[in-house]
Amino acid sequence: MALQVYSTLTRKKEPFHKQPGETVTMYVCGPTVYKPSHIGHMVGPVIFDTVKRYLTYLGYKVTWVINITDVDDKLIKRAAELNTTVPALAERMTADYFDCLKKLNVTGIDHFPKATEHIGGMIEMITRLIEKGYAYPAAGDVYFDVSKDPDYGKLCNRDPEQLEAGSRIEVSDRKRNPGDFALWKGAKPSEPKEAIWESPWGPGRPGWHIECSVMASKLLGDTLDIHGGGLDLQFPHHENELAQSESATGKEFARFWMHNGLLKMGTAKMAGSVGNVVNIADLLQRHSPETVRFLLLSTHYRSPIEYSEDRLTEVAKSLQSFYRFFELYERATGESFYNIQQVECDQFPIGRPPDQITGMPDLESGSPGGEFMSCMADDFNTGAAIGIMFSTLSKLHYLGSLLKLDSNPSPYAVADIKNKTRILRTMANILGLFWAPPAKAALGGDDKLVAGLMQLLIDLRGNLRTEAKGAAKDNPLKPALFAQTDLIRKRLAELGVTLEDRPAGTTWRVG
RNA sequence: GGCCUCGUCGCCAAGUGGUAAGGCAACGGUUUGCAAAACCGUUAUUCCCCGGUUCGAAUCCGGGCGAGGCCUCCA
């Protein structure tokens, strides 16, 4: 099956048709940096990071841009509240955003343009729009005239005439039509001077939508292959971006509009405006970044995801079986799962559709499963792909049992499991999962002293076990010795440490 | 009022015309000194309801009922 991508513009899946050339250009709307990031802000980045990983695996080069909106009403207001400047606040919140991305293993973003660094380009585009008759200045502001754009509303199926019916649109006698939106906002007396720029229409700052149009074309060209963002940005933000850009350039703005579903808190979406946000920094106190990323990828990207502690706990539980396998793998092979080389895909030339990637639905072939690749080719169906990954894990565990990896593996068995585990490693790489071993750190598990003490305890308990197992059946010491070994295990469990007695020796872990 | 989604096992979730993936939970069994982990097996004749199209529908169409998003800032 060749790669199919759902297009918001046509409301259906379409064969992925990029522009000529090997590079895929992708633009995703980023945050307004006035508050620390909440989990909802990470949905898009995690999804599009996975999209990039998959496309890269197929052999495309992907250039991905996320913008940083560092000037806007909310920033001005918030900076005043905190008695700081807009640039200082923006810088701090941008750093927070970057930190969150890094923690969730979102590594593929190539450029983070800032709105304030592209004011000149915005003035140019606004000027061009005025010259072409799509925009008009009005008392220090500049507005886009929606009545001049014949296909305005095509992205969201909006009729400009009906926009008048909606009474929530900002009323302004400067606008010619109710649906007109600001390209440039004249400065108000109360606004700080670091948020004011000179322009042909007087001092002010850009409207919200224009920055994306300008930065996208500046960095990626007039036509994007993929434009992404949250579902809540469809209207008016993306509709207006599209109208501006296509009016200014006369070219198609984006081949594919992809919109991710929103994170919900109970039944309502999580958003600053609703006041039900969960900060990422807080969240990561309770759950690993991997758990969070896994949750975000476990459902289809266009569906809403409900955030809940229970859900995260459940996901964390399901990850355990992967970790158990990684440990088994390391015991058996002496090598870390995290260092495995993925199965390369470079035998598949650029643009070659995934249906030509053959072989491999099971563990017998050396390339990552056709089933997995088919799921990803079907509009990046990560939920189904994760299902395949679980099945693959099961097969590997089963193989591990057959090969007796935990007691006396033959060199053949070790070689076999090493070879087949590469498939799992490859799937994980495409989804951006299992990038680093889970920390034992919670209880000091990474500490050398703790590790030493644990080994001491395990050795002493091992002596007791050996003695108990060697004792005759009717020896009264036998149950007493076992009682001691069980007590040690029980007391450690109370501390959150699990002991596991295996043929080759006892292992321990936190959790 | 307009536009747009969604409703699949106790919970989460794939599947969008060919006879219900996967995870969590639960219950049997193997293994283990006992555990833990792992393995094997069981768990939706049925996909919110009612009609229709079809040889065939969870999937398409019509009508209900229910939940949500956008139309104002929002990832």
Side-chain angles (χ1 to χ4, degrees), chain A residues 8 11 13 28-32 37-48 66 72-74 153 156-159 161-163 165-170 179 208 228-237 239 259-264 267-274 277 294-295 298-300 302-306 308 310-311 313-321 324-325 327-328 371 375 378 381-391 393-394 397-402 405-406 465 468-469 471 473 478-479 481-483 485-486 489-490 493 498-503 506-507 509:
Chain A
T8 301
R11 310 258 167 216
K13 288 180 199 169
V28 175
C29 289
T32 300
S37 300
H38 65 257
I39 329 163
H41 290 127
M42 291 296 118
V43 177
V46 165
I47 284 160
F48 290 101
I66 286 190
D72 124 306
D73 290 347
K74 293 193 295 296
C156 302
N157 205 9
R158 303 286 160 129
D159 179 354
E161 300 292 318
Q162 294 195 333
L163 287 174
S167 57
R168 288 156 86 184
I169 293 177
E170 186 187 345
W208 174 34
L231 207 52
D232 53 349
L233 293 183
Q234 271 184 11
F235 194 91
H237 186 53
E239 191 72 60
H259 288 99
N260 60 270
L262 304 178
L263 195 75
K264 296 192 307 170
T267 57
K269 73 165 176 174
M270 181 181 291
S273 55
V274 186
V277 300
F294 204 92
L295 171 69
S298 65
T299 177
H300 188 90
R302 279 187 280 113
S303 302
I305 310 176
E306 188 170 333
S308 78
D310 286 352
R311 193 75 188 91
T313 303
E314 187 185 306
V315 168
K317 185 87 205 309
S318 72
L319 283 174
Q320 292 302 313
S321 54
R324 292 296 86 76
F325 176 73
E327 289 161 4
L328 170 66
E371 272 186 289
C375 292
D378 183 11
N381 192 340
T382 54
I386 282 177
I388 304 298
M389 209 168 67
F390 270 107
S391 315
L393 175 70
S394 273
H397 263 315
Y398 177 58
L399 194 65
S401 295
L402 290 182
L405 285 187
D406 233 340
R465 283 188 76 217
K469 285 206 263 191
K473 246 187 175 173
K478 194 179 179 91
L481 288 169
F482 273 130
T485 66
D486 291 346
R489 190 172 58 202
K490 181 165 170 280
T498 305
L499 286 192
E500 301 182 342
D501 294 322
R502 305 175 181 287
T506 301
T507 61
R509 63 184 156 85

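Throughout, protein chains are lettered first and strands after them, A, B, ... in sequence-line order, and every chain is numbered starting at 1. Predicted model only: the values in this text are computed from it and were never measured.
When heavy atoms are screened at a 4.0 angstrom cut-off, Met270(A) is found touching base atoms of the nucleic acid. Gln234(A) comes within contact range of no nucleotide atom at all, as no heavy-atom separation falls under 4.0 Å. Using a 4.0 Å heavy-atom cutoff across all strands shown, Gly153(A) reaches no nucleic acid atom at all. Nucleic acid contact class of Asp232(A) (heavy atoms, under 4.0 Å, all strands): base. Contacts of Leu263(A) with the nucleic acid, taken as non-hydrogen atoms under 4.0 Å apart, include base atoms. The residue Phe482(A) sits close to a base: some heavy atom pair falls under 4.0 Å. As judged by a 4.0 angstrom heavy-atom cut-off over every strand, Gly229(A) is placed among residues touching the sugar-phosphate backbone only.
Pair assignment for G66(B) gives C6(B), based on Watson-Crick or G-U wobble hydrogen-bonding distances that are each under 3.5 Å. Base pairing annotation: A13(B) forms no Watson-Crick or G-U wobble pair, as no partner gives both donor-acceptor distances under 3.5 Å. When Watson-Crick and G-U wobble pairs are counted only if both distances are under 3.5 Å, A20(B) pairs with no nucleotide at all. The partner of G41(B) is C27(B), by the rule that a Watson-Crick or G-U pair needs both atom distances under 3.5 Å. Across the strands present, C34(B) finds no partner; the criterion is a Watson-Crick or G-U wobble pair with both atom distances under 3.5 angstrom. For C47(B), there is no paired base (Watson-Crick or G-U wobble, both distances below 3.5 Å). Searching all strands for a Watson-Crick or G-U wobble partner of U54(B) with both distances below 3.5 Å returns nothing.
Here the rule is side chain to side chain contact (heavy atoms under 4.5 Å, CB included) with Ile39(A), and of Leu263(A), Val46(A), Leu295(A), Ile305(A) only Leu263(A) fits it.
At A14(B), one or more side-chain N or O atoms of Thr299(A) fall inside 4.0 Å of OP1 or OP2 (strictly under the cut-off). Residue Lys269(A) places at least one side-chain N or O under 4.0 Å from the OP1 or OP2 atom of C70(B). Within the structure, a side-chain polar atom (N or O) of Thr267(A) is placed less than 4.0 Å from OP1 or OP2 of G68(B).
A distance-only check finds a donor-acceptor pair linking the side chain of Asn381(A) to the backbone of Ala384(A) [under 3.5 Å]. For the pair Glu239(A) (side chain) and Gly153(A) (backbone), a donor-acceptor distance under 3.5 Å is present. Here the side chain of Lys478(A) pairs a donor or acceptor atom with the backbone of Ala468(A) at under 3.5 angstrom.
Place Arg302(A) and Asp501(A) on RNA chain B by their nearest nucleotides, and Arg302(A) ends up nearer the 5' end. Comparing Ile305(A) and Ser401(A) by the nucleotide of RNA chain B that holds the closest heavy atom to each, the one mapping nearer the 5' end is Ile305(A).
The separation of A75(B) from A58(B), taken at their P atoms, amounts to 41 Å, rounded to a whole angstrom. Taking atom C1' on both C73(B) and C11(B), the two are 34 Å apart, rounded to the nearest angstrom. G2(B) and G15(B): their P atoms are spaced 31 Å apart (whole Å). Comparing the P positions of U45(B) and A20(B) gives an interatomic distance of 11 Å, to the nearest angstrom. Taking the C1' atom of each, U46(B) and G63(B) are spaced 23 Å apart, rounded to whole Å. Between the C1' atoms of U19(B) and G56(B), the separation comes to 8 Å (whole Å). Distance check on atom C1': C55(B) versus G17(B) gives 12 Å, rounded to whole Å. Comparing the same atom, P, in U42(B) and in U16(B) gives a spacing of 25 Å after rounding to whole Å.
Judged by distance alone, with hydrogens and angles left aside, Arg11(A) brings no side-chain donor or acceptor close enough to the base of C4(B) to form a pair under 3.5 Å. For Arg324(A) against A37(B), no side-chain N or O and base N or O form a donor-acceptor pair under 3.5 Å. Put simply, the side chain of Asp486(A) and the base of G33(B) share a donor and an acceptor less than 3.5 Å apart.
Side-chain atoms of Thr507(A) and Glu327(A), non-hydrogen and from C-beta on, never get closer than 4.5 Å to each other. Using a 4.5 Å heavy-atom threshold, the side chains of Val43(A) and Leu262(A) count as separate. Between Leu231(A) and Lys269(A) there is no side-chain heavy-atom pair separated by less than 4.5 Å.
Here the side chain of Arg158(A) is nearest to one of C34(B), A14(B), G2(B), namely G2(B). Among the nucleotides G33(B), A75(B), A38(B), the one closest to any side-chain atom of Cys29(A) is A75(B). Residue Leu262(A) has its side chain nearest to G69(B) when only C39(B), C34(B), G69(B) are considered. Comparing C34(B), A75(B), C73(B) by their nearest atom to the side chain of Val43(A) picks out A75(B).
We find that OH of Tyr398(A) is positioned 15 Å from C1' of U31(B), with the value rounded to whole Å. The interatomic distance linking Arg502(A) (CZ) with A38(B) (C1') rounds to 8 Å, in whole Å. One interatomic measurement links the two molecules: CG of Asp310(A) to P of G10(B), which rounds to 18 Å at whole-angstrom precision. Straight-line distance from the CZ atom of Arg509(A) to the C1' atom of A37(B): 7 Å, rounded to whole Å. Rounded to whole angstrom, the span from the NZ atom of Lys478(A) across to the C1' atom of C34(B) amounts to 12 Å.
A salt bridge links Arg311(A) to Glu314(A): one of the charged nitrogens lies within less than 4.0 Å of a carboxylate oxygen.
Rounding to the nearest 0.5 Å places CG of Leu405(A) at 5.0 Å from CG of Leu328(A). Atom-to-atom distance recorded for Ser401(A):OG and Leu399(A):CG is 9.0 Å, nearest 0.5 angstrom. Rounding to the nearest 0.5 Å gives a distance of 8.0 Å between CD of Glu306(A) and OG1 of Thr267(A).
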If a protein heavy atom is under 4.0 Å from the base, mark B; if only from the sugar-phosphate, S; if neither, -; do that for nucleotides 15-25 of chain B going 5' to 3'.
-> S-----BSBSS
